[in-house]
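Below, chains carry the letters A, B, ... as their sequence lines are ordered, and counting in each starts from 1.
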Protein chains: 2
Amino acid sequence: MKKYNIPVEAALEVIGGKWKVVILCHLIKAKRRTGELKRLMPGITQKMLTQQLRELEDDGVIERKVYNQVPPKVEYFLTDYGWSLKEILDSLCAWGEQHIERVYPDKSEVLMPEAEEELHIH
Amino acid sequence: MKKYNIPVEAALEVIGGKWKVVILCHLIKAKRRTGELKRLMPGITQKMLTQQLRELEDDGVIERKVYNQVPPKVEYFLTDYGWSLKEILDSLCAWGEQHIERVYPDKSEVLMPEAEEELHIH
DNA sequence: CAGAATCCTGTAGGATACTG
DNA sequence: CAGTATCCTACAGGATTCTG
């Protein structure tokens, strides 16, 4: 059992990973398949993605649903416990939006995941 | 100029460092001298402390006040910009307090820094 | 498509000693 | 007391390949 010098460390232990907040911010908007997450995070490697997902799963923050079919289909989504992080994630996202330097003259450069939702890739 | 795949990355860039949230959580309660911070974070090394402090300073989140005296005295405190992170830090701390496993049968093991200094009301 | 298994490297970050 | 300056190592994390 871990000992913390300050309670906030308990939160950091769960969402402190390099990509965890980003992953959670995506999953708070919608459940996602592995490939979707990969496309939403061009910077992440295969290895890191699964690794971070496993840790989040082990911490009970997200859940993994496997569909028994070929080709395989796996979906990740927040658990109830994960939703308890909503306030944190919301404030983080809000701050990011407010304080981001405007690198996007128009929105064209921003990934618009919603647009590709429901897409079937063959 | 950095390009983000998702706005929240802007927030992570500022508070994503290993110790930054902890430091900020301390500074949100009161301005602190270097030695105080060191004692509040027994796990951090001299090097990491100054490094993280410098980065926070460079990002305009905290400010460093040097008193010209011997022995030296330096104080760190949040800037106005830094206070814009209050909501994030508050929700992080709150979550930590709620979800920490109760490792403290009584409070005796928890550091109680408040006792040693006046509060910094903003 | 999801992800496990390898191999490999950079660097985050620790320990220690020193200075104004 | 606050802060450099070194040295050094573990491991986070990347690239690539393979499999059901």
Would you indicate, yes or no, if [N] has its OP1 or OP2 atom less than 4.0 angstrom from a side-chain nitrogen or oxygen of [X]?
| X | N | result |
| --- | --- | --- |
| B:Thr34 | D:dG3 | yes |
| B:Arg54 | D:dT4 | yes |
| B:Arg33 | D:dC1 | no |

Grab the [atom1]-[atom2] distance between [X] and [N] for me, whole Å please.
| X | N | atom1 | atom2 | result |
| --- | --- | --- | --- | --- |
| B:Arg32 | D:dA2 | CZ | C1' | 17 Å |
| A:Glu36 | C:dG3 | CD | C1' | 17 Å |
| A:Lys38 | C:dA4 | NZ | P | 11 Å |
| A:Arg39 | C:dA2 | CZ | C1' | 13 Å |
| A:Leu53 | C:dA2 | CG | P | 11 Å |
| B:Glu75 | D:dG3 | CD | C1' | 17 Å |

Shortest non-hydrogen contact between B:Leu53 and B:Ile23, atoms and distance: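 Distance-wise, the nearest heavy atoms are CD2-CG2, 4.0 Å.
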Nearest non-hydrogen partners of A:Gly96 and B:Ala10, listed with the distance: O-CB, 4.0 Å
Can you tell me if [X] uses its side chain to pair, donor with acceptor, with the backbone of [Y] under 3.5 Å?
| X | Y | result |
| --- | --- | --- |
| B:Thr79 | B:Glu63 | no |
| A:Glu97 | A:Ala94 | no |
| B:Gln52 | B:Trp19 | yes |

Nucleic acid footprint by protein, nucleotides 8-20 of chain D - heavy-atom cut-off 4.0 Å, B for base, S for sugar-phosphate alone: -----BBB----B
Strand-adjacent residues in residues 55-70 of chain A, judged by heavy atoms under 4.0 Å from DNA chain D: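 Going residue by residue through residues 55-70 of chain A, none turns out to have a heavy atom under 4.0 Å of DNA chain D.
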Side chain to side chain donor-acceptor pair (under 3.5 Å) partners of A:Lys47, counting only residues at least two apart: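 Residues passing side chain to side chain donor-acceptor pair (under 3.5 Å) with A:Lys47: none at all.
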Rounded to 10 degrees, the angle between the two terminal axes of the helix from C:dC1-D:dG20 to C:dG20-D:dC1, each from five pairs: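 Angle reported: 50°, given to the nearest ten degrees.
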Distance, nearest 0.5 Å, that separates OH of A:Tyr76 from CG of A:Leu37: 8.0 Å
Flag if over 12 foreign heavy atoms under 6.0 Å of CG, A:Asp80: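 Open: at most 12 neighbouring heavy atoms sit under 6.0 Å from CG of A:Asp80.
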Salt bridge (Lys or Arg N to Asp or Glu O under 4.0 Å) contacts touching residues 81-95 of chain B (sequence neighbours left out):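 Every salt bridge (Lys or Arg N to Asp or Glu O under 4.0 Å) pair that includes a residue of residues 81-95 of chain B, provided the two are not neighbours, is B:Lys86-B:Asp90.
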B:Val74 side-chain proximity, nearest of C:dA2, D:dA2, C:dG3: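 Nearest nucleotide to the side chain: D:dA2.
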Plane angle bin for B:His99 and A:Tyr81 - parallel if under 30°, tilted between 30 and 60°, otherwise perpendicular: perpendicular
A:Glu55: salt bridge (Lys or Arg N to Asp or Glu O under 4.0 Å) partners, not counting sequence neighbours: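 Once residues adjacent in sequence are excluded, the partners of A:Glu55 under the salt bridge (Lys or Arg N to Asp or Glu O under 4.0 Å) criterion are A:Lys20.
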